[in-house]
Amino acid sequence: MKSIFEKIISREIEADIVYEDGLTIAFKDINPVAPKHFLVIPKKKIKNIQVVTSNDMHLFTHIFSVIQKLSVQEQMVEEGYRVVTNIGEYGGQTVEHLHFHIIGGRPLRWPPG
Ligand code: AMP
């Protein structure tokens, strides 16, 4: 069965897309936890970072370059921002498609809940 994020990639459901290229797509989180909250995901179906293999390393390099570009595009660099990826139940992962939260626009507390 397709996950929500696969349906966003295939345009079966709408999202507020802020960046896209051949390998990745980035869009606004539907339930933002801060004034700026984006999700960067690979188009390739990968559950989470736990199952990433050495064959996917090029994709990881690419995702981090997309995060850099997006943070510049969305004017988050000067104030700073946080990158989060959740894994499994205790990690708080609710969508089983690898995604990186890019969160900013306000000071963020640490540690998280
Ligand atoms: P996680 O809990 O780390 O798996 O994060 C999943 C994120 O996806 C949550 O922050 C949700 O708010 C977000 N989300 C779920 N459905 C959508 C959607 N249709 N469009 C944008 N973001 C979504």
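The analysis underlying the following values was restricted to heavy atoms, covering all of them including side chains, and did not include hydrogens, waters or symmetry mates. Both ligands and their constituent atoms are indexed starting at 1 by order of listing.
- Residues satisfying the side-chain hydrogen bond (donor to acceptor under 3.5 Å, both in side chains) test with Arg11, not counting sequence neighbours, are Glu20.
- Applying the side-chain hydrogen bond (donor to acceptor under 3.5 Å, both in side chains) test to pairs two or more places apart or on separate chains, those with a residue in residues 93-107 are His37-His101, Asn48-Gln93.
- Here the straight-line distance linking atom OG of Ser71 with atom CZ of Phe38 works out to 10.0 Å at 0.5 Å rounding.
- Listed by chain and residue number, nothing satisfies the side-chain hydrogen bond (donor to acceptor under 3.5 Å, both in side chains) test with Thr85 (two or more places apart in sequence, or in another chain).
- At a heavy-atom cutoff of 4.0 Å, ligand 1 is surrounded by Ile4, Phe5, Ile8, Phe27, Lys28, Asp29, Ile30, Asn31, Leu39, Asn86, Gly92, Gln93, Thr94, Val95, His99, His101.
- Of the possible polar contacts, one joining the Lys36 side chain to the Glu74 backbone as a donor-acceptor pair under 3.5 Å is found.
- Heavy atoms of other residues, nucleotides or ligands lying less than 6.0 angstrom from CD of Glu89 number 12 at most.
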